[in-house]
Number of protein chains: 2
Amino acid sequence: MRRDVFQAIADPTRRAIISLLALQAMTPNAIAEHFQSSRQAVSKHIQILSECQLVNQKQTGREIYYHFNAQKMKEVDVWMDQFRALWETRFSQLDNVLQNLKNKQS
Amino acid sequence: MRRDVFQAIADPTRRAIISLLALQAMTPNAIAEHFQSSRQAVSKHIQILSECQLVNQKQTGREIYYHFNAQKMKEVDVWMDQFRALWETRFSQLDNVLQNLKNKQS
DNA sequence: TCTTTTTGCAACCGTTTGATTGCAAATATA
DNA sequence: TATATTTGCAATCAAACGGTTGCAAAAAGA
């Protein structure tokens with residue numbers, strides 16, 4: 001059972017759930033209303049997000065509000081640091097210009 | 001067959017391959033030497049990376065050099081933009097301080 | 001030419017994934 | 001108390017995943 005952040009954001013439905021919760025904490029039922037699949041299917045996605053701590057839950061009565069945990073998402077950002085220089089430097093921009101010229105020729 | 005960038009970086013072996021190729025373009029054999037699994041298994045990972053355009057190939061003779069495509073990785077970075085404000089603003093830092101205090105109390 | 005090297009592709013196999021349905025527990029409401 | 005609502009959990013299933021082995025094609029070297 002791999003339960004890391006990278007595996008969690010691999011599924012498009014889970015990415016959509018994350019985007020929803022980043023705007024506002026919601027209950028499973030409220031989340032499920034945004035999707036066509038069953039409540040249980042959405043609930044399983046939430047469970048996966050919960051296991052890798054991308055979301056936290058706060059129970060009030062019988063309702064459970066799921067909150068997005070931005071700090072966990074930062075782990076992806078940290079991994080991406082090693083590539084960021086490759087598209088931010090002028091060198092790579094120059095490379096792109098040359099590459100585009102080459103593609104137009106061939 | 002989902003073949004997007006998010007699915008591609010979900011696997012730890014593929015992430016390692018990407019990190020290797022970001023430093024230097026390599027042939028499948030050279031890549032496979034860095035891992036314990038078979039060359040064919042690594043080759044399948046490369047194929048997936050190739051299908052979602054995270055790597056490009058340049059053939060010279062019978063050798064194929066795989067190059068990392070940073071621009072494609074940028075798609076992940078763009079998706080993360082929506083969350084970046086949540087950990088960079090002073091507001092969220094204040095939230096963390098309050099949260100930590102709350103956790104220590106309970 | 002014959003052999004070696006490099007690579008991709010197909011077949012197979014056990015495990016995981018993402019979805020479904022059904023059901024039980026806990027809380028709120030009439 | 002009886003009923004409705006909210007939620008989680010278990011069982012099931014087809015498809016995808018990640019690995020293996022075997023083999024064929026193309027290029028390089030003896």
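A, B, ... follow the sequence lines: proteins, then strands. Residue 1 opens every chain. Just so it is clear, the structure is predicted and the values come from calculations on it, not from any experiment.
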(message) If we ignore hydrogens and angles and just use 3.5 Å, is the side chain of B:Arg3 paired with the main-chain N or O of B:Glu51 as donor and acceptor?
(response)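 Flag not set: sc B:Arg3 to bb B:Glu51 has no pair under 3.5 Å.
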
(message) Counting only side-chain nitrogens and oxygens, does A:Asn29 get under 4.0 Å of the OP1 or OP2 atom of D:dT5?
(response)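 So the side-chain polar atoms of A:Asn29 never come under 4.0 Å of the phosphate oxygens OP1 or OP2 of D:dT5.
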
(request) May I ask you to verify if any side-chain N or O of A:Arg3 is less than 4.0 angstrom from the OP1 or OP2 atom of C:dT17? (result) yes

(request) Indicate, with yes or no, if the rings of B:Phe6 and A:Phe6 have centres closer together than 6.0 Å. (result)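 That pair fails the under 6.0 Å test.
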
(message) Let's test your reading of the model: under 3.5 Å, does the base of C:dG18 pair with the side chain of A:Arg14 as donor and acceptor?
(response) no

(request) Classify the side chain of A:Arg62 versus the base of D:dT5 as yes if they form a donor-acceptor pair under 3.5 Å and no if they do not. (result) yes

Give the nucleotide from the list [options] with an atom nearest to the side chain of [X].
| X | options | value |
| --- | --- | --- |
| A:Ile64 | D:dG8, C:dA19, C:dC9 | D:dG8 |
| B:Tyr66 | C:dG8, D:dG19, C:dA19 | C:dG8 |
| B:Ser37 | D:dG18, D:dT20, C:dC9 | D:dT20 |
| B:Lys44 | D:dG8, C:dT7, D:dG19 | D:dG19 |

Please report the distance, rounded to the nearest Å, between [atom1] in [X] and [atom2] in [N].
| X | N | atom1 | atom2 | value |
| --- | --- | --- | --- | --- |
| B:Arg39 | C:dT5 | CZ | P | 13 Å |
| A:Tyr65 | D:dT6 | OH | C1' | 11 Å |
| B:Gln36 | D:dT20 | CD | C1' | 15 Å |
| A:Ile48 | C:dG18 | CD1 | P | 6 Å |
| B:Ile9 | D:dG18 | CD1 | P | 13 Å |

(request) Look up atom CG in B:Asn56 and atom CG in B:Leu49, then write down how far apart they are to the nearest 0.5 Å. (result)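 It is 11.0 Å, given to the nearest 0.5 Å.
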
(message) Counting the atoms with a prime plus P, OP1 and OP2 as sugar-phosphate, which does B:Gln40 contact under 4.0 Å by heavy atoms, base, sugar-phosphate, or nothing?
(response) base

(request) For B:Phe35, answer base if it contacts any base atom (sugar-phosphate contacts may also be present), sugar-phosphate if it contacts only those atoms, and nothing otherwise; contact means non-hydrogen atoms under 4.0 Å. (result)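 Nothing, no nucleic acid heavy atom in range.
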
(message) Reading DNA chain D from 5' onward, which residue's closest nucleotide shows up sooner: B:Thr60 or B:Val42?
(response) B:Val42

